[in-house]
Asks: 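Quick one: this structure, given as structure tokens, is what I'll be asking you about.
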Protein chains: 2
Amino acid sequence: MGGCIFRDAPAHVSVTNNKMPSIRAVASRAGVSTATVSNVLNARRSVAPDLAARVHSAVQELGYIADLGASRLRSRKSSIAGVLVPDIANPFFGAFVGALEAAARRDGYDLLIVSSGGDPVQEAARLRALLTWRPAGVVVIPCDDSLAARDVAIAAGVPMVAADRIPSGEPIDLVAVDNFAIAKQVAEHLLAGGRRHILAATGHLAISNVNERIDGTRAAVRELGGTLEVIEVGLSYPESRARLDARFAAGPLPDALFTLNNLATLGALDALSAHGLTVPGDIALVGFDDEPWMHVVSPPLTAVRQPVEQMGFEAWARLMARIGGDVSPPVQVRLPCTLITRASSLPIDAAAMASA
Amino acid sequence: MGGCIFRDAPAHVSVTNNKMPSIRAVASRAGVSTATVSNVLNARRSVAPDLAARVHSAVQELGYIADLGASRLRSRKSSIAGVLVPDIANPFFGAFVGALEAAARRDGYDLLIVSSGGDPVQEAARLRALLTWRPAGVVVIPCDDSLAARDVAIAAGVPMVAADRIPSGEPIDLVAVDNFAIAKQVAEHLLAGGRRHILAATGHLAISNVNERIDGTRAAVRELGGTLEVIEVGLSYPESRARLDARFAAGPLPDALFTLNNLATLGALDALSAHGLTVPGDIALVGFDDEPWMHVVSPPLTAVRQPVEQMGFEAWARLMARIGGDVSPPVQVRLPCTLITRASSLPIDAAAMASA
DNA sequence: ATGAAAGCGCTAACAA
DNA sequence: TTGTTAGCGCTTTCAT
């Protein structure tokens with residue numbers, strides 16, 4: 001352990017501007033006590049109308065903005081929440097955080113957002129950084145099933161809810177998507193279209209939601225017949241492209257491709273065209289995660305739409321419940337996905353007709 | 001004005017968990033004063049090695065995590081920075097914030113991120129919410145040229161740097177892209193390919209960076225001949241698609257389309273195929289903002305790549321300078337974009353050959 | 001209904 | 001080198 005409980009980097013921080021008036025300035029300008037100012041602004045105790053009016057105009061004139069840090073210190077009530085995602089620059093996590101922010105805002109919370117970079121060590125370190133601000137609670141999208149962040153949150157006694165990926169071990173509040181059900185539906189759709197050999201392409205197998213997706217696919221294959229092959233294509237676009245390239249060059253071709261994340265979909269499109277394979281003629285393609293561009297390409301791509309906004313809302317709702325003192329056992333919320341059927345997964349016969 | 005200087009929503013906040021040990025707990029466990037603990041952890045004054053060791057083990061044993069809110073209150077040094085973007089769920093802003101976060105982290109700062117939703121009123125309100133946490137500085141992507149947030153930041157004396165869009169009025173530190181130069185280059189590229197009638201499609205004309213792009217395009221047209229037509233297609237995907245649909249149905253067709261943002265590019269692709277127009281045969285297409293999918297579609301899309309990570313880094317660098325006390329006049333940093341040339345903007349003759 | 005005073009966790013000034 | 005004390009801006013007793 002690098003061992004420092006404080007910041008990762010030395011804080012070359014500088015003196016904050018002290019132009020901002022304090023509650024005392026407001027109080028003296030309004031000719032009341034600081035307690036009264038506080039009571040007016042927080043509507044805590046009733047205050048005579050004229051005093052309240054004087055306070056309000058003092059606030060206005062001075063441009064007073066309360067210091068919530070100081071407020072939290074004294075009141076022990078925090079109106080900040082922490083968010084820990086693998087990478088805020090990833091559109092999926094961005095959308096999640098956007099929904100979270102909207103929900104949090106409605107409840108009067110601000111969000112401190114940090115990225116773990118997909119590294120469990122960073123995950124724990126960044127959570128510690130979050131806790132230095134004493135958030136009322138934390139929402140985290142774990143970078144793997146181990147959820148390194150859990151221990152430190154538990155030790156600190158800060159409510160935490162996980163989202164998207166499913167941590168192993170001790171149960172914890174979780175909001176995720178019904179990976180199994182939708183993957184099964186995808187496979188059923190492909191098999192119903194006459195496909196027999198499904199190739200599932202995923203970044204990493206170490207992530208639980210991916211395994212649920214594979215399990216769902218396998219369940220359908222077992223029920224309806226056909227074969228399932230799984231290939232790990234890594235986490236970067238060029239890598240996934242190369243892996244699929246190699247696979248297409250190597251063995252007998254599948255007649256359906258199910259890409260389990262966006263990067264894989266991109267790599268697949270590239271590798272398919274490099275090998276002169278047509279979609280859906282030679283191979284049907286279905287991607288996990290629907291994105292706006294998928295219906296402007298040709299053929300338009302069949303995709304699984306994840307209810308990412310709803311995930312954000314639900315995660316926030318769970319967190320609020322915990323912050324509010326809910327001590328019931330951890331719950332798992334599973335949200336249904338939608339299969340958006342487009343031309344890339346047309347049944348074999350229809351695809352053949354179209355290309356003829 | 002709804003008039004409350006505090007939160008937008010009533011804070012139904014709850015008592016923070018008080019399981020966390022304070023610096024006093026550490027001090028007494030280590031048998032030293034709180035000042036010594038502080039000095040050890042912040043490496044401020046030199047402390048005898050044995051005392052330091054005792055402090056460190058006490059920290060370890062108790063799982064002590066310093067309260068940076070309290071620290072800031074006393075030291076008047078803030079290690080938090082505010083970020084205000086139109087919409088964190090937008091991939092472009094997400095990428096920007098990601099870069100900003102990486103840079104901030106290296107300097108020991110955490111980020112409080114809020115979205116204005118593209119609404120100037122919200123912009124000001126959200127900035128006030130940020131200031132409530134006494135950030136050392138603020139980075140903002142304004143929602144329009146008026147930059148409603150400016151006044152409140154200035155009044156509070158908090159350093160602020162703007163990014164991406166160019167606020168009018170009083171100069172302010174700004175990091176943006178060289179819109180004019182790259183747009184000119186795009187137009188030159190199109191004209192050199194034998195195109196004569198460029199249609200530039202934008203969301204809104206009220207945003208300065210868009211106008212710079214149009215000016216750049218116009219400059220090339222003036223120099224090299226040809227015509228420029230500008231069309232406003234709104235901010236949503238369906239709207240942009242409908243507007244372009246109408247335009248294609250109405251008048252003489254352009255032979256080049258320059259979409260000034262991502263939504264417009266998506267809408268264009270849709271409208272083009274709806275009208276049976278081929279790219280680049282009938283119309284060349286160039287989009288502002290390069291995205292991963294653009295080179296897997298057919299034809300691959302020519303696009304302007306914005307150095308969004310670098311924008312984040314530069315913005316942070318400017319902010320750090322200001323936080324560090326730099327009082328020199330505001331500067332404008334302009335970053336160069338790159339034109340990624342792909343098949344969608346092939347010269348007329350090559351395009352004709354390809355389709356023949 | 002209002003004010004005075006104490007104190008949240010921390011660090012800066014001052015003593016020793 | 002270390003400890004003691006005061007006080008950051010706020011809210012919360014406790015008086016009045």
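All chains are named by letter (A, B, ...) in the order of the sequence lines, taking the proteins before the strands, and each is independently numbered beginning at 1. This one's a predicted model, so the numbers in the text were calculated from it and none came from an experiment.
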Asks: Does NZ or CZ of A/Arg106 lie under 6.0 Å from the centre of the six-membered ring of A/Phe313, at an angle within 45° of the ring axis?
Replies: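 Because its charged atom sits under 6.0 Å from the ring centre and within 45° of the axis, A/Arg106 does stack over A/Phe313.
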Asks: Can you give me the closest heavy-atom contact between A/Ala315 and A/Val139, atom names plus distance?
Replies: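 Reported closest heavy-atom pair: CB-CG1, 4.3 Å.
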Asks: Measure from the side chain of A/Asp67, starting at C-beta and using heavy atoms only, and say which of D/dT2, D/dC10, D/dC8 lies closest.
Replies: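 Per side-chain heavy atoms of A/Asp67, the pick is D/dC10.
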Asks: Does A/Ser71 make a side-chain N or O approach to OP1 or OP2 of D/dC10 shorter than 4.0 Å?
Replies: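 For D/dC10, OP1/OP2 do not have a side-chain N/O of A/Ser71 under 4.0 Å.
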Asks: With a 3.5 Å cut-off and no angle check, do the side chains of B/Glu101 and A/Ser115 form a donor-acceptor pair?
Replies: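 Yes - a donor-acceptor pair under 3.5 Å links their side chains.
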Asks: Would you tell me if any nitrogen or oxygen in the side chain of A/Ser75 comes within less than 4.0 Å of OP1 or OP2 on D/dT11?
Replies: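 No.
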Asks: Round to a whole Å and report the spacing from CG of A/Leu41 to P of D/dG9.
Replies: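 To the nearest whole Å, that distance equals 16 Å.
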Asks: Please tell me which of B/Leu73 and B/Ala35 maps to the more 5' nucleotide of DNA chain D, matching each residue to the nucleotide holding its nearest heavy atom.
Replies: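 Residue closer to the 5' terminus by nearest nucleotide: B/Ala35.
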Asks: May I ask you to verify if any side-chain N or O of B/Arg76 is less than 4.0 angstrom from the OP1 or OP2 atom of C/dA12?
Replies: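 Checking B/Arg76 against C/dA12: no side-chain N or O falls below 4.0 Å of OP1 or OP2.
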Asks: What are the two closest non-hydrogen atoms of A/Pro21 and A/Tyr64, and how far apart are they?
Replies: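 Shortest heavy-atom contact: O-CD1, 3.3 Å.
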Asks: Expressed in angstrom and rounded to an integer, what is the separation of B/Leu131 atom CG from D/dC10 atom P?
Replies: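 In whole Å, D/dC10 P and B/Leu131 CG are 13 Å from each other.
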Asks: Does B/Thr36 have a side-chain nitrogen or oxygen under 4.0 Å from the phosphate oxygens OP1 or OP2 of D/dG3?
Replies: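 B/Thr36 to D/dG3 OP1/OP2: side-chain N or O found under 4.0 Å.
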Asks: When the distance from NZ of B/Lys77 to C1' of C/dA12 is rounded to whole Å, what number comes out?
Replies: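 After rounding, the gap between these two atoms is 10 Å.
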Asks: Any base atoms under 4.0 Å from B/Arg44, or only sugar-phosphate, or nothing? Heavy atoms, all strands.
Replies: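 Sugar-phosphate only.
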Asks: Hey, does B/Thr34 reach any base, or is it just sugar-phosphate, or nothing, if we go heavy atoms under 4.0 Å?
Replies: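 Answer is base: heavy atoms of B/Thr34 come under 4.0 Å of a base.
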Asks: Measure from CG on B/Asp50 to C1' on D/dT1 and round the result to the nearest Å.
Replies: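 For the pair B/Asp50 CG and D/dT1 C1', the rounded distance is 11 Å.
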Asks: Looking at the base of C/dA12, is there any donor atom on it, or on the side chain of B/Arg45, that sits under 3.5 Å from an acceptor on the other one?
Replies: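 Absent.
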Asks: When we call it a touch if two heavy atoms are under 4.0 Å apart, what does B/Ala48 touch: a base, just sugar-phosphate, or nothing?
Replies: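 Here B/Ala48 touches the backbone only, sparing every base.
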Asks: Roughly how bent is the helix from C/dA1-D/dT16 to C/dA16-D/dT1 end to end, in steps of 10 degrees, with each end axis from five pairs?
Replies: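 Here the local axes at opposite ends form an angle of 40°.
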Asks: The criterion is side-chain contact (heavy atoms from CB on, under 4.5 Å); which residues satisfy it with B/Pro120, sequence neighbours excluded?
Replies: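 With neighbours one apart ignored, the set is B/Cys143, B/Asp144, B/Ala148.
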Asks: If we count only N and O atoms by modelled type, under 3.5 Å, do the side chains of A/Asp67 and B/Trp133 hold a donor and an acceptor together?
Replies: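 Side chains of A/Asp67 and B/Trp133: no pair found under 3.5 Å.
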Asks: Quick one: do A/Asp326 and A/Arg318 make a salt bridge, cutoff under 4.0 Å?
Replies: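 So A/Asp326 pairs with A/Arg318 through a salt bridge.
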Asks: Could you state the atom-to-atom distance from CZ of B/Arg74 to C1' of C/dC14 in whole Å?
Replies: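 Rounded to whole Å, this separation is 12 Å.
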Asks: Whole angstroms only, please: what is the CD1-P distance between B/Ile65 and C/dG9?
Replies: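 Checked: the CD1 to P distance equals 15 Å.
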Asks: Write down the distance between CE (B/Met20) and C1' (C/dC10), rounded to a whole number of angstrom.
Replies: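 Taking CE of B/Met20 and C1' of C/dC10, I get 14 Å after rounding.
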Asks: Are OP1 or OP2 of C/dA1 and a side-chain N or O of A/Ser46 less than 4.0 angstrom apart?
Replies: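 Affirmative; the distance criterion is met.
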Asks: A/Arg72 CZ to D/dG9 P: how many Å, rounded?
Replies: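 In whole Å, D/dG9 P and A/Arg72 CZ are 16 Å from each other.
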Asks: Think A/Arg24 has a side-chain N or O under 4.0 angstrom from the OP1 or OP2 of D/dC8?
Replies: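 Answer is yes, contact under 4.0 Å.
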Asks: OP1 or OP2 of C/dA1 versus the side-chain N and O atoms of A/Asn39: is any pair under 4.0 Å?
Replies: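 Looking at the OP1 and OP2 atoms of C/dA1, neither is under 4.0 Å from any side-chain N or O of A/Asn39.
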Asks: Return the nearest nucleotide to the side chain of A/Ser33; candidates are C/dC10, D/dC10, C/dG3.
Replies: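 The listed nucleotide nearest to A/Ser33's side chain is C/dG3.
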Asks: Would you say that A/Ile141 contacts A/Pro86 through its side chain, given a criterion of any heavy-atom pair below 4.5 Å between the two side chains?
Replies: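 Side-chain contact under 4.5 Å: yes.
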